[in-house]
Amino acid sequence: VPCVSSGLPKPTNITFLSINMKNILQWNPPEGLHGAEITYTVQYFIYGQKKWLNKSECRNIHRTYCDLSDETSDYEHQYYAKVKAIWGMNCSKWAETGRFYPFLETQIGPPEVALTTDEKSISIVLTAPEKWKKNPEESSISMQQIYSNLKYNVSIYNTKSNRTWSQCVTNHTLVLSWLEPDTVYCVLVESLVPGPARLTRPSEKQCVSTLKDQTSELKVK
Amino acid sequence: RGLRTCLISTNLRLIEESFRGIKQAIQAKDTLQNVTILSPSETLHGMKALDVCCMTKNLLAFYVDRVFKDHQELDPRILRKISSIANSFLYMQKTLQQCQRLCHCRQEATNATRIIHDNYAQLEVRSAAIKSLGELDIFLAWIEKNHQGTSAA
């Protein structure tokens with residue numbers, strides 16, 4: 001039975017949270033209805049197409065988010081989404097997003113970072129993040145394939161001298177040379193794509209120690 | 001020999017920033033969600049490197065000679081941003097003029113350009129202009145993708 005569009009307030013702050021093309025629609029409950037048994041229904045629209053489409057898994061849901069990654073997986077298209085609140089027989093008007101353009105708006109997640117050390121150097125190997133995929137069995141698409149100009153901002157912190165420096169690299173391997181032996185260095189990496197500014201998500205900080213200086217060890221003996 | 005050899009250098013970041021400042025306001029005024037002007041899947045997405053220069057030239061002319069002229073903007077803040085974008089496009093047109101030899105137009109680019117102009121003509125002119133302005137991010141993303149040497153880092 002369709003609900004009656006009444007004075008029920010709309011959900012607020014409806015936006016897409018997009019990371020590596022995993023596109024989650026999220027919103028806040030309507031104001032002033034704390035404790036009420038509110039449910040939500042979501043629809044989406046492909047810009048330039050003909051009509052709003054239902055997302056069956058997001059009909060009469062209690063949660064305030066809906067995964068629209070599959071429906072918005074063609075990242076070169078643009079989309080709208082909308083959500084309405086339902087309470088008993090009453091429902092709010094639709095709350096609608098602005099035009100969502102995954103290709104320009106998705107956040108590029110951090111790469112995988114592998115570190116190996118030597119006495120005075122650290123080798124860093126980066127693996128580009130993967131695009132969201134529906135099934136784990138599907139073949140992976142690297143975000144590098146979508147953004148061929150993908151770069152990385154590598155930040156390095158010397159815990160002994162408290163000095164931090166960073167380098168912007170395009171290839172996937174980097175050797176930090178002329179380091180101090182027997183010193184702990186911490187590394188953080190962000191993925192960057194030239195173009196409109198986007199939010200970034202740095203990698204987990206990883207710390208490793210350079211090896212002891214073998215030559216000074218021999219002299220001591 | 002793609003756009004790289006034609007578009008010497010233009011600061012795409014500045015244009016993108018100007019667009020970002022008006023995107024929400026302009027796209028909100030475009031209420032015809034079921035219609036597009038640029039129709040990227042028919043026009044831009046399949047474009048070969050050989051046709052990039054001509055397509056860029058045609059689209060710059062589309063915006064400079066048609067869209068910016070047809071659009072009437074009352075908000076001075078938005079008007080300033082649009083003017084900044086228009087000036088950048090005029091600059092890009094000048095740089096493209098320096099490589100006429102490399103910028104010849106094949107049927108593919110001509111057909112794609114006609115689709116865009118036909119889409120534009122089917123709408124009331126103010127709506128068409130607003131919609132085209134709202135689709136600038138599609139054009140800018142296409143330039144960025146097809147000419148990575150363009151933007152000053």
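Below, chains carry the letters A, B, ... as their sequence lines are ordered, and counting in each starts from 1.
Within 6.0 Å of CZ in A:Arg59 there are 12 or fewer heavy atoms belonging to other residues, nucleotides or ligands. Around the CH2 atom of A:Trp52, the shell of radius 6.0 Å holds more than 12 heavy atoms that belong to other residues, nucleotides or ligands. Within 6.0 Å of OH in A:Tyr80 there are more than 12 heavy atoms belonging to other residues, nucleotides or ligands. For B:Lys29, the NZ atom counts as densely surrounded, since its 6.0 Å shell holds more than 12 non-hydrogen atoms of other residues, nucleotides or ligands. By the neighbour-count criterion of 12 heavy atoms within 6.0 Å, atom NZ of A:Lys133 is densely surrounded, having more than that number from other residues, nucleotides or ligands. A 6.0 Å sphere centred on CD of A:Glu31 holds no more than 12 heavy atoms belonging to other residues, nucleotides or ligands. When the shell of 6.0 Å around CD of A:Glu138 is examined, it contains more than 12 heavy atoms from other residues, nucleotides or ligands.
Panel note: side chain B:Arg13, backbone A:Gly195; a donor-acceptor pair is recorded below 3.5 Å.
Across all non-hydrogen atoms, the minimal contact from B:Thr36 to A:Gly48 is CG2-CA, 3.3 Å.
Within the model, atoms CD of B:Glu144 and CZ of A:Phe103 stand 8.0 Å from one another, a figure rounded to the nearest 0.5 Å. We find the CG-CZ distance between B:Asn34 and A:Phe45 to be 5.0 Å, quoted to the nearest 0.5 Å.
Of the two parts of A:Gln49, only the backbone, made up of N, CA, C and O, holds a non-hydrogen atom closer than 4.5 Å to a non-hydrogen atom of chain B. In this structure, the portion of B:Leu32 lying under 4.5 Å from any heavy atom of chain A is its backbone and not its side chain. If you measure heavy-atom distances from B:Ser39 to chain A, you find no contacts under 4.5 Å at all.
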Yes or no on side chain to side chain contact (heavy atoms under 4.5 Å, CB included) for A:His77 and B:Ser41, after CA distance, side-chain angles and deciding distance? CA-CA 8 Å; A:His77 269 94; B:Ser41 25; 3.7 Å; yes
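With respect to B:Asp137 and A:Arg99, no salt bridge is recorded, no charged nitrogen being found less than 4.0 Å from a carboxylate O. Between A:Arg198 and B:Glu16, none of the side-chain N atoms (NZ, or NE/NH1/NH2) sits under 4.0 Å from a carboxylate O, so this pair counts as no salt bridge.
Side chains of B:Lys145 and A:Ser148 form no contact here, defined as non-hydrogen atoms less than 4.5 Å apart. Using a 4.5 Å heavy-atom threshold, the side chains of A:Tyr47 and B:Val35 count as separate.
The greatest number of non-hydrogen atom pairs below 4.5 Å with chain A, out of B:Arg20, B:Gln24, B:Lys23, B:Glu17, is found for B:Arg20. Of the listed residues (A:Glu96, A:Glu76, A:Lys50), the one with the most heavy-atom contacts under 4.5 Å to chain B is A:Glu76.
Looking only at atom types and distance, the side chain of A:Gln78 has no donor-acceptor partner in the side chain of B:Gln33 under 3.5 Å away.
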